[in-house]
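Below: one structure, written as structure tokens.
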There are 2 protein chains.
Amino acid sequence: MPNSSETQLDRREAIRQLLQKRPAATQRSLVDALVERGFVATQSSVSRDLREIGAIKNAGGYALPGAAAAGDEELAQVADLLVDLKAAGPNLLVIRTETGAAQRVALALDRCQWPEIVGNVGGDDTVFTATSGAAAQRNLITRIGRATSRHW
Amino acid sequence: MPNSSETQLDRREAIRQLLQKRPAATQRSLVDALVERGFVATQSSVSRDLREIGAIKNAGGYALPGAAAAGDEELAQVADLLVDLKAAGPNLLVIRTETGAAQRVALALDRCQWPEIVGNVGGDDTVFTATSGAAAQRNLITRIGRATSRHW
DNA sequence: AATGATTCCGCATAAATATGCGCATATATC
DNA sequence: GATATATGCGCATATTTATGCGGAATCATT
């Protein structure tokens, strides 16, 4: 078995596709997802695959190399679209944006995969960002400030 | 203890600085490095710190968010400077570059933090890249091809 | 087709990481 | 200053990830 088997290449490609759709929390979950797609592999193989693929692990789970920092960068790019930022209780951050930009901002926040962010919804000029608690919220504000090079 | 303690902030800043210098292989090694700098903390705390900092883990260890994908991108930017690429045994890859560009290329390869790369040295127009074995070397060539959008 | 060289991958397990819990401590409110 | 509330962090441990080893499979050479 001197050469990379067809199966191996296919499986890795499948993993790449899975990760592109959404980050994987654990290797185990990837194993399960692979099974659904008709691949049989153990956690061991997935561990090795991830290393070869060059995947990284951040707070959001395993992701492809590009996707990781992409979030921060993407957020930086929409920094100008942010208008205001204020907390509504310890679990909700309300972000005002230029009209029509909320979706983009929400998407960028999603991709950051920051641990403080539980989830986002973007309307027209407002984004609601759910946070896990007061500390997380404070942190998040700092982090947004850093990423956008602005102070709030 | 409602607020982040001074110690915690300092410690996290120290971790950031450490990671900026070089990636950390394990959390344990970070604990040790912190001790040298006068911080006392357990692996548990470092685990939580890394999450808060937003650090990511790739094949090279823990790194700051930006630094991760930066390598691949940096390599893509110097793609034009590559002239030739050939293996010398299973553990050495010899990369010819434009005159004077070898250092930059070697640096970019370093930052990729790819598992196949054991180490790099850049001369004037030649880079020596040590690989862990034949398979790794083949992989590396593929990967360089992908990153530089060229075939070798 | 036998031999050898190489790679894949599962198993078992070592190694590393994440987390529930509880105490200590800090802040807020009264 | 007493009480209530919230946070930091260590300990112990559950969970997750990495890896040494060996058997099976593939290919090259003779």
Side-chain angles (χ1 to χ4, degrees), chain A residues 1-15 23-35 39-63 87 89-91 115-116 131-140 142, chain B residues 1-15 23-35 39-63 87 89-91 115-116 131-140 142:
Chain A
M1 195 183 276
N3 248 326
S4 289
S5 70
E6 205 56 39
T7 330
Q8 189 190 52
L9 292 176
D10 286 350
R11 190 183 61 233
R12 292 187 180 167
E13 182 53 32
I15 292 179
T26 67
Q27 297 184 358
R28 177 120 186 59
S29 71
L30 268 180
V31 171
D32 295 343
L34 283 173
V35 168
F39 294 93
V40 181
T42 59
Q43 171 264 324
S44 308
S45 294
V46 171
S47 172
R48 294 187 259 246
D49 286 345
L50 287 172
R51 177 169 52 211
E52 292 312 317
I53 288 174
I56 63 161
K57 188 189 188 184
N58 60 22
Y62 291 93
N91 295 298
E116 295 92 344
T131 51
S132 51
Q137 192 182 64
R138 273 197 305 277
N139 242 334
L140 178 57
T142 306
Chain B
M1 197 182 274
N3 246 328
S4 289
S5 70
E6 203 57 39
T7 329
Q8 189 191 53
L9 292 176
D10 286 351
R11 188 183 63 234
R12 290 185 181 170
E13 181 54 31
I15 292 179
T26 68
Q27 297 184 358
R28 176 117 186 60
S29 72
L30 269 180
V31 171
D32 295 343
L34 284 173
V35 167
F39 294 92
V40 181
T42 59
Q43 171 265 323
S44 309
S45 293
V46 171
S47 172
R48 294 187 258 246
D49 286 345
L50 286 171
R51 176 168 54 211
E52 292 311 317
I53 287 175
I56 63 161
K57 188 187 186 185
N58 59 23
Y62 291 93
N91 294 299
E116 294 92 344
T131 51
S132 51
Q137 192 181 65
R138 273 197 304 278
N139 242 332
L140 179 57
T142 306

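For the numbers below, each heavy atom of this structure counts, side chains included, while hydrogens, waters and symmetry mates do not. Proteins come first, then strands; the chains are lettered A, B, ... in the order of their sequence lines, and each starts at number 1.
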- Task: Remember a base hit wins even if backbone is also touched, and classify A:S45 as base, sugar-phosphate or nothing at under 4.0 Å, heavy atoms.
- Result: sugar-phosphate
- Kindly point out which of C:dA18, D:dC11, C:dG10 is positioned nearest to the side chain of A:R48? C:dG10
- Heavy-atom closest contact (B:T7 atom, B:F39 atom, distance): O-CE2, 4.3 Å
- Length of the line joining A:D49:CG and C:dT7:P, which is rounded to integer Å: 16 Å
- Query: OP1, OP2 of C:dT7 versus side-chain N and O of A:Q8: anything below 4.0 Å?
  - Reply: no
- Note on the structure: B:N91 CG to C:dT6 P, in whole Å, measures 12 Å
- Task: Using atom CD1 of B:I15 as one end and atom P of D:dC9 as the other, report the distance to the nearest whole Å.
- Result: 10 Å
- Message: On the nucleotide D:dT17, are OP1 or OP2 found under 4.0 Å from the side-chain N or O atoms that A:K57 carries?
- Response: yes
- Note on the structure: Whole-Å distance, A:Q27 CD to C:dC11 P, equals 16 Å
- Message: Can you measure B:D32 atom CG to C:dA16 atom P for me and round it to whole angstrom units?
- Response: 11 Å
- Where do B:A14 and B:L34 come nearest, in terms of heavy atoms and distance? CB-CD2, 3.9 Å
- Task: Remember a base hit wins even if backbone is also touched, and classify A:V31 as base, sugar-phosphate or nothing at under 4.0 Å, heavy atoms.
- Result: nothing
- Query: So, for A:P23 and A:G60, which heavy atoms are closest and what is the spacing to 0.1 Å?
  - Reply: CB-O, 3.7 Å
- Message: Strictly below 4.0 Å: does A:R51 bring a side-chain N or O up to OP1 or OP2 of D:dT19?
- Response: yes
- Item | Along DNA chain C (nearest heavy atom to each residue), the more 5'-positioned of A:T7 and B:S44 | A:T7
- If only side-chain N and O atoms of A:R11 are considered, is one of them under 4.0 Å from the OP1 or OP2 phosphate oxygen of C:dC9? yes
- Touch check for A:T26, heavy atoms < 4.0 angstrom, all strands: base, sugar-phosphate only, or nothing? sugar-phosphate
- Query: Separation of A:Y62 atom OH from C:dA18 atom C1', in whole Å?
  - Reply: 12 Å
- Item | Residue that, paired with B:Q27, satisfies side chain to side chain contact (heavy atoms under 4.5 Å, CB included) out of B:D49, B:V46, B:T42 | B:V46
- Protein-nucleotide distance (A:R28, atom CZ; C:dA18, atom P), rounded to Å: 19 Å
- Whole angstrom value for the distance that separates P of D:dT7 from CG of B:L9: 14 Å
- Tell me whether the OP1 or OP2 atom of D:dT17 has a side-chain N or O from A:S47 closer than 4.0 Å. no
- Query: Pick the nucleotide of DNA chain C nearest each of B:A135 and A:Q43; which residue has the one closer to the 5' end?
  - Reply: B:A135
- Query: Can you tell me how far CD of B:Q43 sits from CG of B:D32, rounded to the nearest 0.5 angstrom?
  - Reply: 11.5 Å
